[in-house]
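One structure is given here, and the rest of the page talks about it.
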Amino acid sequence: MNVDDLFGAVVGQSVAVERLRAASKQPVHAYLFLGPQGSGRRAAARAFAAAVLATGTPDDIDRHQRLALQGKHPDVFEFSSQGRSLRGEEAEALIVEASRSPIEADRKILIVDRFHTAEPGAAASLLKTVEEPPDTAMFILLSEEVLPEHITIASRCTTIDFGPISETDMTAWLQTKGAPADLAATLAEASKGNLRRA
């Protein structure tokens, strides 16, 4: 699977996808995927992880990509807070996870969902690790907004912006899922750019 195919599940985010394809060749230590709910940030994070981990023999590459896209790769740690906010003890668990060596790939990727819910203390405790993670670790923070208490940690990341999905792109995507053209257009308008809502 080539790098273009990896991003097939990301709908209507051509600028973000283009930047991520380029970045996958020489990734940095931390990324902030910034955009509204339903804009495809999680799908993009998995695709980006698949592209970054695609090293080794052809069989190795295929395995890394397939498992990363499915959310089952042993070296892609997907985290989402169990409560309404990302708390200090959860941040500590992320720090510990980042310090662990990868199992199969040459690096470990930590995808942190709903980072905008991070409590100030949690964000502060993560700062040093996100800024200077172990050589084998990379962070992808998924966030709907950058709150004042998150500005410092956001400044340590490369930001990739995701906008609401356009009605045209949403309609086309819904049609690929089997929706008739008129229904797809109605659903796309009602979704307000949110893929989950559509």
Side-chain angles (χ1 to χ4, degrees), residues 1-7 9-10 16-34 40-82 86-119 121-143 146 150 152-160 162:
M1 184 179 296
N2 65 46
V3 72
D4 292 333
D5 295 334
L6 294 177
F7 290 89
V10 183
V17 167
E18 184 178 343
R19 288 191 64 196
L20 291 172
R21 283 179 181 142
S24 68
K25 296 170 185 172
Q26 288 188 305
V28 296
H29 64 284
Y31 292 85
L32 175 67
F33 287 15
L34 186 62
R41 289 170 293 136
R42 181 183 284 275
R46 285 182 174 179
F48 185 50
V52 169
L53 296 179
T55 59
T57 67
D59 285 346
D60 290 338
I61 290 170
D62 179 70
R63 175 178 168 76
H64 290 317
Q65 291 177 336
R66 180 170 39 82
L67 292 178
L69 288 174
Q70 294 171 353
K72 297 177 179 178
H73 197 292
D75 295 319
V76 180
F77 183 77
E78 296 189 21
F79 174 83
S80 186
S81 175
Q82 297 303 303
L86 194 161
R87 302 180 307 280
E89 58 267 29
E90 292 175 317
E92 292 301 322
L94 283 167
I95 292 167
V96 170
E97 190 63 36
S99 71
R100 293 186 172 139
S101 298
I103 297 168
E104 292 187 15
D106 58 3
R107 72 177 70 211
K108 177 183 287 270
I109 298 176
L110 296 93
I111 300 173
V112 184
D113 199 10
R114 296 173 55 231
F115 184 74
H116 55 277
T117 69
E119 295 176 352
S125 66
L126 277 171
L127 176 60
K128 182 170 177 54
T129 303
V130 170
E131 183 177 27
E132 296 179 4
D135 291 341
T136 55
M138 185 179 88
F139 278 89
I140 303 174
L141 309 179
L142 312 183
S143 189
V146 177
H150 299 158
T152 304
I153 200 167
S155 72
R156 305 305 196 266
C157 302
T158 296
T159 299
I160 307 292
F162 290 76

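We count residues from 1, following the sequence as given.
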Thr117: which residues meet the side chain to side chain donor-acceptor pair (under 3.5 Å) condition with it, sequence neighbours left out? none
Output all residues satisfying ring pair (Phe, Tyr, Trp, His ring centres under 6.0 Å) with Phe139, sequence neighbours left out; order by chain, then residue number. none
So do Ile160 and Leu32 actually touch side chain to side chain, heavy atoms under 4.5 Å? no
Decide whether His150 and His116 meet the rule of one side-chain donor and one side-chain acceptor closer than 3.5 Å. no
Measure across Ile109 and Ile140 and return the closest heavy-atom pair with its distance rounded to 0.1 Å. CG2-CD1, 3.8 Å
Enumerate the residue pairs fulfilling salt bridge (charged side-chain N to carboxylate O under 4.0 Å, His left out) with a member in residues 44-58, sequence neighbours excluded, ordered by first and then second residue. Arg46-Glu78
Here the pair of heavy atoms bringing Arg156 nearest to His29 is O-NE2, 3.1 Å
Under-4.0 Å salt bridge between Lys128 and Glu131: no
According to the salt bridge (charged side-chain N to carboxylate O under 4.0 Å, His left out) rule, which pairs have a member within residues 47-57, sequence neighbours left out? none
Below 4.0 angstrom, N of the basic side chain to O of the carboxylate: do Arg21 and Glu18 qualify? no
For Gln70, which residues count as a side chain to side chain donor-acceptor pair (under 3.5 Å) partner, sequence neighbours excluded? none
Residues Asp113 and Arg42 bridged, charged N to O under 4.0 Å: yes
Non-hydrogen atoms of Thr55 and His64 that approach each other most closely: O-CD2, 3.5 Å
Let me confirm one number: the CG-CD1 distance from Leu127 to Ile153, rounded to the nearest 0.5 Å. 5.5 Å
Kindly write out the residues that satisfy side chain to side chain donor-acceptor pair (under 3.5 Å) with Arg19, not counting sequence neighbours, or none if the list is empty. none
Tell me if the centroids of the rings in Tyr31 and Phe48 come within less than 6.0 Å of each other. yes
Minimum-distance pair of heavy atoms, taken over all atoms of Ala9 and Ala43: O-CB, 4.1 Å
